[in-house]
Every structure is written in C-alpha cells, then in structure tokens.
> 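Below: one structure in structure tokens.
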Protein chains: 4
Amino acid sequence: MPQGAAMRAAGPRANGPRRRAEEIVEAAAAVFAEKGYHGASTQDVADRLGMRQASLYYYFRSKEAALEQVCLRDVGMMIERALEVANGDGGAVEKLSGIVRNHLLSLGERLAFVRCILRERRFLPKESRGRINRAMRRYERIVQAVIESGIASGALRRDLDARVTTLAVFGLCNAPVDWLGKEPGVTVEDIARSFVQLLLGGIAPGRAGR
Amino acid sequence: MPQGAAMRAAGPRANGPRRRAEEIVEAAAAVFAEKGYHGASTQDVADRLGMRQASLYYYFRSKEAALEQVCLRDVGMMIERALEVANGDGGAVEKLSGIVRNHLLSLGERLAFVRCILRERRFLPKESRGRINRAMRRYERIVQAVIESGIASGALRRDLDARVTTLAVFGLCNAPVDWLGKEPGVTVEDIARSFVQLLLGGIAPGRAGR
Amino acid sequence: MPQGAAMRAAGPRANGPRRRAEEIVEAAAAVFAEKGYHGASTQDVADRLGMRQASLYYYFRSKEAALEQVCLRDVGMMIERALEVANGDGGAVEKLSGIVRNHLLSLGERLAFVRCILRERRFLPKESRGRINRAMRRYERIVQAVIESGIASGALRRDLDARVTTLAVFGLCNAPVDWLGKEPGVTVEDIARSFVQLLLGGIAPGRAGR
Amino acid sequence: MPQGAAMRAAGPRANGPRRRAEEIVEAAAAVFAEKGYHGASTQDVADRLGMRQASLYYYFRSKEAALEQVCLRDVGMMIERALEVANGDGGAVEKLSGIVRNHLLSLGERLAFVRCILRERRFLPKESRGRINRAMRRYERIVQAVIESGIASGALRRDLDARVTTLAVFGLCNAPVDWLGKEPGVTVEDIARSFVQLLLGGIAPGRAGR
DNA sequence: GATGAATGAGCTTTCATTCAT
DNA sequence: GATGAATGAAAGCTCATTCAT
C-alpha cells in the first residue's frame, strides 16, 4: 500500500511552501475518492495530513475549491497525452491503441484523481463543473476524431456509429476505476492489452468475409 | 415547521398501504441518483413525495435502510433475466448478446435504480453492502460462465482472458449510466445494437487469418 | 427585572404552538439588543429560552431572519399610533406632542425591539433592510408632514427647516434608547414631559418679540 | 495564503514609524464604524491599509486594544473644546451654543471615530470601557454644569430638569451620527444652526408671557 | 398513518491570535 | 517592521432521528 504509512510531516514546514498545497490536493483526492465528496469531511482530509482542519482553509477557500483543484489536476495531462498520439504518425488503429493504453496508464498512476473526475465532479458548482466538462469534451472530441477518420479511411469498420463508439471506448476505459486494485492478479498492463485486443477485434473469432 | 395549512396530494394517496412504501423507494432512488446518497437529504425525498420528512420513518428505519431497498429492488430481476438467457438455447454469442441487450433494457427502464446500485451501494454499511455485492457477483458469475464456455467451445476467441473480458462487458454495459438521456438522438436500442456489434466484432474490420 | 427569571418551559410544549415563535423573537430581541447582532450568538438566544440551539432553526431559517422579525415586529404599531394622532383633531403642536409621547411610550415598553430597529437593522441583508427602511421613512414622512403643516399654519415657527427639524425630533426621541433604565429616578413619563416642553419651547425663556 | 508577489503600497509607507500606528487606528475607526466592531474582522482593517493581517499585531496587542485606541482618540479633544467654552466668557446661552457647535463640528470632521465612541465602546472589556465612560461623564458634567448655572441665573428656563435637559442636548447632538452624509443638501453648518435655534427657542413660536 | 416539535452530532467556515523567520 | 503559516475556539447551520400525539 503505497499510501497508508509515513506521510506525517516532521514538524510544521518540512517541504517547500508551494508543495504543501499540492499535498493537500493529493490528500483531498484520496479522501474524496474513498468516501465520496459529500461523504468525506474536511476533517478526514486534515487527518490524513496530520494537520488541523482549520489549517486547510489557509490553502483553499472552500471544500468545493479543493475538489475543483482535484478535478483539474490531471485532466490537462491526459488530454495532452491523447493529443500527442492523435497528432502523431500511424493509422487510426495504432492511435486508438495508444490512447487507450495511455488512458489506462494515467488511470493506474492517478487512480484517486481519476475517480474524482469521473464520479465527484458533478458535485461542483455550475461554473467550475462547466470548466471540467469542457475539458472532458475536448478529450472526447480528440478520440472521436480519430475514430471518425478511421471509419472514413477504412481502418475501422464502416458500419460503426462514431458517437456511440466513442462513448463505448470511454466507458470501457473508465470502467477499471471501479475495480482496479481489487481484482487480484490483474495489472494495468493486463487490462490495457486485453482492452485493446477486445476493442479492435471483439470477442468473437475473426470473421473472414463479413 | 409551523406552516399552517395542508399539502396532502390528492393523487398518490388512495393506493394500498403496501404501495406507499414502494413510492418512497422510487422517490429515494430518484433523489439518491440525482444528488448522491450523501448529497441527498431525507427532506429531499419527502419533498418529492409531498410528504413530511418525519413520515418517512414510518416506512423505513433509516436513510440507509432506504438505500438498501433501492439497491436490492432490481438486482434480482436483472439476475433472473440473465439466468434465463444463460440457461436457454443458443451458443455463447447469442447468449451474450441477449444478456447485454437485457441489461441495457433494464438500465433504460430503471435508470435511477441502476445508478444507485452502481454508484451509491458503496455507502451502505458493511453487512447490507455485502448482500448487494454477493448478488452482483452472482450476476457476474453467470456472465463469466457464458464467456468461459464460449471460449472453451471456440464460439469466442481462444486468446481471451475470461475474467478481464467479463469485467469489460460489465464496464461497457454500465457506462450508459453516465450519459443516458444526455446524448441527443441515442436510444437504448441504438446502444444495445452498437454494443453487441462492438463486443462481438470489435471496431477494426474483419481479420481473416489471425 | 421583568425578564431575568422564570421563563424555562415546564416541558417541551407548555404554551400554544404559535406562541413559541414569538417567544424566540422576544429572546432574540433581548439578546441582540444587549450584545449587538454580531456579538450575540444563536446559542445566547437558545440559552435564554432553555432551548437547544439547533431547535431555533425549526422556527427560523437563519439568524438574519430572526433579526428581521425582531425589526419588523413593532415598526407597524408605532406607525399606526403616529398616523392616528396625525389624522386626528388638534393643531400641529398637539399632534407633535402626541406623537412624541407615543413614541417614548413604545420605546419604554419595547426597549429591546426599538434598540434592534435603530442599531441592528443595518446588519440585515439589502432586501430586508430595505423593507425596514421603507417603514421608517413612512414614519418620518408622517411626522414631517405634521411639522410642515404646522410651519405653514403658523402653529410652528416659520423660520424652521422642516427636514432638519424632523430629524431632530427623531434624534431626540430615540436618544433614550442609550440610557433608559440607567438613569436613576428618570421615568419615561418624565422624559416625555421634558422632551415635549423642550421641543416646543426650547431651553431659553420665552422671547417675546423675535 | 501563498500568494506570491508583493502588494506594498507605495504611498503610505515612508512616513515615520509613529505615524503607521495612527494610520491603523484610523483604518480601524473607519472599518468598525462601517461594519460594527463585531461585524468587522482584522482582515478588513488590514485590507484597507494594503497590509497583511498579521502585521497589525506588531502595532496592537489585540483587536480590542485597537478599538480602545479608536474610542480614546478624540474624546479628550472634544472635552477640551467644551471646557474652553465653558470656562470662557459669556452667558449660559452663548456657552451652550458654542458647545453644541463644537460638538457638531467634531462629529463632522471625525465621523468614524465618534460613531465608534457612541456605538462600539460598549463592546470593550469592563476596564477600558470604564475609562471611556468616565471621560464621557466628565464631558456630560461640563455641559450639565453650564445648564445648571443657566437655570440658576435665569438665562435658561427655570422649570427645566437639568439632568434630562443635558441628556436631551447630547441625544440631539449625537443624532447626526446616524444620517450625516446621507441627507442630501444638509451640511454640518446647517445642522448646527438649526439645532441651536431649536434648542434655545423650541419649534413653537415665542410665548411672550409664560 | 402521519406529523409537529425537538435534539445531538457533526459539518464547513471564520477569525483573532501566535510565532518563527 | 512585516509576514507566511498555522491553530484553537467558536460560529451558524444541516440533518438523521425520535417521540408524543
């Protein structure tokens, strides 16, 4: 368990000053992911940091503001990774494989954050929720563009509905959020390999003349 | 609150006494699905029924008990439907198609309930959460058994990992919980057709000799 | 001290149900008057009633709402009394005397309320503050109209500025809010008599030809 | 809050060190007058100075100490002005006019301070409140002495109650604290003239033989 | 069956204050 | 002189729950 132990600061101030805010965002992500935004208290977050609850408010205007930070933290990075792949060389199949693999890698590395983005962002107030949603739609559009161009070029099956396919890809790739780490013997790499295999070829054996 | 006059709805009343409890479960499902279990108050549930908040406690011992009822309501039905298909005639491909279609139909009909089962059951206390989890695992096992027999019989690709494939099927089929009704022009039927198509054949065109 | 002792309810429920809200308004008035709105806590109000603090919120949406009730409670009555006099018989001098006397009587009877109206209403949110201010201005206008008609008729000195005179009358009549009950041997009746005497004749002896 | 860059105002700084404390007293007076002592935060005071909140504590031991400074600041000056007039030449009528005029002038010049003295001093702890109260009573006694001697000499009406008259004079003279600056077209000079006129002659026309 | 009244526990947030630097 | 960081205490408010009626 890479998170349970040893995170109590040595005294007040042990890391750089900018770092403290990030520590809080990380603790908030972990706590919100575990208990849900509304099920978690700011005290829970403080406990995880060995901090007094009131001190959190030195760094964040409100609990909501902390959730917003959590949700914004990695969205940008995931989009950039996807964009790089989408703008790189290779056909639609290679691109999609790359995007899926990257997505699952991010998910494995930053599970708490992704959980918050997917499940807790809806509790944000309208405005900041809008900001996250726009980012997510940008991400979706990148993937959908790859799929559309694949369909057009014949790299993907011509009878696909691009929109539903995009939603399906995301649904599939986000699913591990619910069970990652709980399925013994299943690593992110396993999942990535299996999902790519499944997405591209399906679960039925090759259909020669279809 | 001393708010003088009445508010009794004319409609809902006049049904049997057993029916009232079900109305409450339905209201709770809707409210918990919309606001999250912890984000919803019992007052929210009462409001939706034109009832006083204290009256809910005539029907339910606690908020948690209501959530448990919500989560248990349809799980049984979904399992039965899956079992029927699994025990019926046809190969693994047909069975899987049938199960996916049924699942999506249930999801479309009882969206609020499924949302609660998927997202809110984790807030139940250990014991009742265990009960739901056991039901879900029974459901999964039915599907996994179909997949395993399909792999064994060659109806499905032999290089699949049955466990991950099962998780993938569920991940895919549960995904619409997040966007059903928000994607204009996409019906449950569309989704079912697309998902079956995708699951079985993947998104890349047929690969003759693999 | 007509308020210090014996107000603890015998059990829960001892007075009528509508009465409870009024008791709270009265307690709030007393507490806000004594400690200032921001210096008083809802706990202080609850303590004075032998009630739990949370129970206040069964009757009032917020601390601010309680202050609003306090401020609105007697304003209407004071205006009505003034209107009655203003619309009654008699010259401007008699009317003004009557209004001053009534005002001081109200002030003596409902000291805590008047203190809140005068000192604490400014802490209300814009909207409800506006409501109180409008009532106060209506009150002022009644008095100013009497003064203006008095000046016009010659019942009052012709060289007066009606506006400043009105403000002066109110300033004088509200002043006892700061010391009523603290000046030994000075009753409301004394004050009323003295103020009328002063207002009408001033403190210098009669000036025959001015 | 980790807010990187500077905010030091170019203007205020560069004065002597003693001056800074006075700036703070002035800012505190303005803020306390506007929001009330308990409604104002030390942050509000710091904001008004472009200062960090913690820095205030270099100059003042506590918020209360700042209020005490505010309340003491001008009381002495007002008393001295009153004493000068009281000990000067002229009859009671002239002296009273002078005192009233001076009081209103002070009030106009130092509105925030006077507001705090009148409305906020009651929130001081016993001891320092006592100090202010003693000063106020000294002030009152000076005025009351003038009134008493005026009554004795016949310069003022013989049927007056000296105590109530003193309270009335103060009540009247302090009233503008509530509306000064909000009554369009009314200057301190107007008020002074009107109040003297009113106090001495009342609002009814001269009564020759009373 | 249903509700008005009440409450204990807990929540987010604010704030005056301290202190090392 | 001034400040960033932290904190204890308390505030207003919400909420699930209880209970007499």
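All chains are named by letter (A, B, ...) in the order of the sequence lines, taking the proteins before the strands, and each is independently numbered beginning at 1.
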> Could you write out DNA chain E as a dot-bracket string, with dots for unpaired bases, | for bases paired across to another strand, and Watson-Crick or G-U pairs counted at under 3.5 Å?
.||||||||||||||||||||
> Starting from P on E/dT14, measure out to CG on D/Asp47 and report it in whole angstrom.
14 Å
> Hey, is the side chain of A/Tyr58 poking within less than 4.0 Å of OP1 or OP2 on F/dA5, counting only N and O atoms?
yes
> Whole angstroms only, please: what is the CG-P distance between B/Leu67 and F/dT17?
12 Å
> Polar-atom pairs under 3.5 Å, protein N or O versus N or O of nucleotides 11-13 of chain E: list them with distances, or write none.
residue, atom, partner, partner atom, Å
E/dT12, OP1, A/Ala40, O, 3.4
E/dT12, OP1, A/Thr42, N, 3.4
E/dT12, OP1, A/Lys63, NZ, 3.0
E/dT12, OP2, A/Thr42, N, 2.9
E/dT12, OP2, A/Thr42, OG1, 3.0
E/dT13, OP2, A/Tyr57, OH, 2.4
E/dT13, OP2, A/Lys63, N, 2.8
E/dT13, O4, A/Gln53, OE1, 3.2

> Measure the shortest side-chain to side-chain distance between C/Glu26 and C/Glu23 over non-hydrogen atoms and say whether it is less than 4.5 angstrom.
no
> Any idea which heavy atoms bring D/Phe32 and D/Cys116 closest together, and the distance?
CB-SG, 3.6 Å
> Measure the shortest side-chain to side-chain distance between C/Thr42 and C/Tyr57 over non-hydrogen atoms and say whether it is less than 4.5 angstrom.
yes
> Please state whether the phosphate of E/dG4, meaning OP1 or OP2, lies under 4.0 angstrom from any side-chain nitrogen or oxygen of B/Arg52.
yes
> May I have the distance from A/Phe60 (atom CZ) to F/dT7 (atom C1'), rounded to whole angstrom?
18 Å
> State, yes or no, whether a side-chain contact exists between A/Arg110 and A/Arg73 at a heavy-atom distance under 4.5 Å.
yes
> Could you check how far OH of D/Tyr59 sits from P of E/dT17, rounded to whole Å?
18 Å
> Are D/Leu56 and D/Ile24 packed together at the side-chain level, in the sense that at least one heavy-atom pair is separated by less than 4.5 angstrom?
yes
> Measure from CE on C/Met51 to P on F/dC13 and round the result to the nearest Å.
16 Å
> Report yes if the side chains of B/Val25 and B/Tyr59 come closer than 4.5 Å at any heavy-atom pair, otherwise no.
no
> D/Arg48 side chain to D/Ala27 main-chain N or O, any donor-acceptor pair under 3.5 Å?
no
> Tell me whether the rings of C/Phe123 and C/Tyr37 are parallel (<30°), tilted (30 to 60°) or perpendicular (>60°).
parallel
> Check the distance between F/dT7's P and A/Leu49's CG and give it to me in whole angstrom.
11 Å
> Less than 4.0 Å between a side-chain N and a carboxylate O, is that true for D/Glu68 and D/Arg121?
no
> Counting only side-chain nitrogens and oxygens, does C/Ser55 get under 4.0 Å of the OP1 or OP2 atom of E/dT7?
yes
> How many whole angstroms separate atom CG of D/Leu56 from atom P of F/dG1?
16 Å
